[in-house]
Amino acid sequence: MKYIPFALILLLACSPLLSAQSIKREDLVFQSGGRVLSAKMIYPESDEPIPFLVFVGGEEAYHSYDVHYREFLQENFEDVFLLENIGFFYINTQGIGDSKGRWQRAGFYDRALDVDAGINFLKNRQEVDSDHIGVFGHGRGAWIAQIVTAQNPGDISAMLSLAGPPL
């Protein structure tokens with residue numbers, strides 16, 4: 001009998017974990033300018049299309065979500081926005097991960113074209129609310145996010161620049 005109150009407290013404490021949303025993670029590839037680029041989608045399962053945020057990484061050699069950004073993005077963005085039914089799309093820059101090409105030769109506008117291709121790929125997915133796609137970038141990726149937003153003013157619903165380098 002003395003264990004029943006403990007069991008009830010434990011059940012109440014764990015109940016939020018039991019009703020947690022199911023999060024899907026997909027590794028994908030898409031085409032950009034004849035190159036195959038790899039990407040990752042992370043999103044809550046939903047019966048309705050949901051908004052997505054597209055992340056653009058910083059310094060050329062360190063764009064990979066899996067290598068350098070995972071912890072930062074999980075703690076500061078995914079843990080917050082996934083609960084609000086907002087998904088994430090991470091594109092590996094040319095030559096990073098399974099993406100083809102050479103990051104050393106990709107300028108800002110080349111990278112912006114890759115992000116545009118990723119957004120167009122994303123818009124054709126049934127999980128995605130194509131009217132609500134935002135772009136955010138870190139470091140040099142913040143500049144790329146600004147270029148993409150400026151070139152697609154009607155297609156991008158939000159833009160966030162994190163630690164963009166000064167001119």
Asks: To the nearest 0.5 angstrom, please state how far the CG atom of Leu28 sits from the NZ atom of Lys40.
Replies: 9.0 Å
Asks: If you take all heavy atoms of Pro44 and Asn85, which pair is closest and at what distance?
Replies: CG-OD1, 3.4 Å
Asks: Please test Tyr43 against Glu26 for side chain to side chain contact (heavy atoms under 4.5 Å, CB included), starting from the C-alpha separation and ending with a verdict.
Replies: CA-CA 9 Å; Tyr43 58 97; Glu26 293 183 54; 2.4 Å; yes
Asks: If I take atom CG from residue Asn152 and atom OG from residue Ser157, how far apart are they, to the nearest 0.5 angstrom?
Replies: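 Spacing of CG (Asn152) from OG (Ser157) equals 12.0 Å.
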Asks: Rounded at 0.5 Å granularity, tell me how far CZ in Phe121 sits from CG in Asp116.
Replies: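 The CG atom of Asp116 is 15.0 Å from CZ of Phe121, to the nearest 0.5 Å.
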Asks: Mind checking whether Leu113 and Val54 sit in one hydrophobic cluster, side chains of I, L, V, M, F, W, Y counted as touching below 4.5 Å?
Replies: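 No, Leu113 does not connect to Val54 through the hydrophobic network.
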Asks: Walk me through it: do Arg70 and Glu78 pass the test salt bridge (Lys or Arg N to Asp or Glu O under 4.0 Å)?
Replies: CA-CA 10 Å; Arg70 179 182 295 166; Glu78 292 173 20; over 6 Å; no
Asks: If you group Ile, Leu, Val, Met, Phe, Trp and Tyr by side-chain heavy-atom gaps below 4.5 Å, do Leu83 and Ile86 land in one group?
Replies: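 The answer is no; the residues belong to distinct hydrophobic clusters.
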Asks: Is there a path of hydrophobic side-chain contacts, each under 4.5 Å between heavy atoms, that joins Val56 and Ile156?
Replies: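 Val56 clusters together with Ile156.
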Asks: Kindly assign one of parallel, tilted or perpendicular to the pair Phe77 and Phe136, based on the angle between their ring planes and the thresholds 30° and 60°.
Replies: tilted
Asks: Check Ile91 against Val115 and note the closest heavy-atom contact, atom names and distance.
Replies: CD1-CA, 4.0 Å
Asks: Side-chain heavy atoms under 4.5 angstrom apart, residues restricted to Ile, Leu, Val, Met, Phe, Trp, Tyr: same cluster for Phe30 and Val148?
Replies: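 Yes, because Phe30 and Val148 connect within a single hydrophobic cluster, where side-chain heavy atoms sit under 4.5 Å apart.
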Asks: Atom CH2 of Trp143 and atom CZ of Arg111: how far apart are they, to the nearest 0.5 Å?
Replies: 11.5 Å
Asks: Are Ile133 and Ile50 linked, directly or through other ILVMFWY residues, by side chains that come within less than 4.5 angstrom of each other?
Replies: yes
Asks: Checking side-chain polar atoms at under 3.5 Å, does Ser46 have a donor or acceptor matched by the opposite partner on Glu127?
Replies: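 No.
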Asks: How far apart are the closest heavy atoms of Asn120 and Asn124, and which atoms are they?
Replies: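 Looking at all heavy atoms of both residues, the closest pair is O-ND2, 3.0 Å.
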Asks: If I compare all heavy atoms of Met159 with all of Ala145, which pair ends up nearest, and what's the gap?
Replies: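 For Met159 versus Ala145, the nearest heavy atoms are CG-O, 3.8 Å.
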Asks: Could you state the interatomic distance from OH (Tyr90) to CD1 (Ile42), rounded to the nearest 0.5 Å?
Replies: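 Tyr90 atom OH to Ile42 atom CD1 measures 5.0 Å (nearest 0.5 Å).
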Asks: Would you indicate whether the side-chain heavy atoms of Ser32 and Leu37 approach each other to under 4.5 Å?
Replies: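 When only atoms from C-beta onward are counted, Ser32 and Leu37 do touch, with a gap below 4.5 Å.
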Asks: What heavy-atom pair brings Gly87 and Leu82 nearest, and what distance separates the two atoms?
Replies: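 Distance-wise, the nearest heavy atoms are CA-CD2, 4.3 Å.
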Asks: Are side-chain heavy atoms of Leu122 and Met41 found at a separation under 4.5 Å?
Replies: yes
Asks: Could you tell me whether the side chain of Tyr109 reaches within less than 4.5 Å of the side chain of Gln151, counting heavy atoms only?
Replies: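 Result yes, sub-4.5 Å side-chain heavy-atom pair found.
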Asks: So His138 and Phe55, do their side chains get closer than 4.5 Å, heavy atoms only?
Replies: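 Yes, their side chains come closer than 4.5 Å.
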Asks: Supply the atom-to-atom distance Gln146 CD to Leu160 CG, rounded to the nearest 0.5 angstrom.
Replies: 10.0 Å
Asks: For the pair Phe89 and Phe52, evaluate ring-ring contact (aromatic ring centres under 6.0 Å, His included) and give the outcome as yes or no after the intermediate values.
Replies: CA-CA 7 Å; Phe89 188 65; Phe52 266 78; 7.4 Å; no
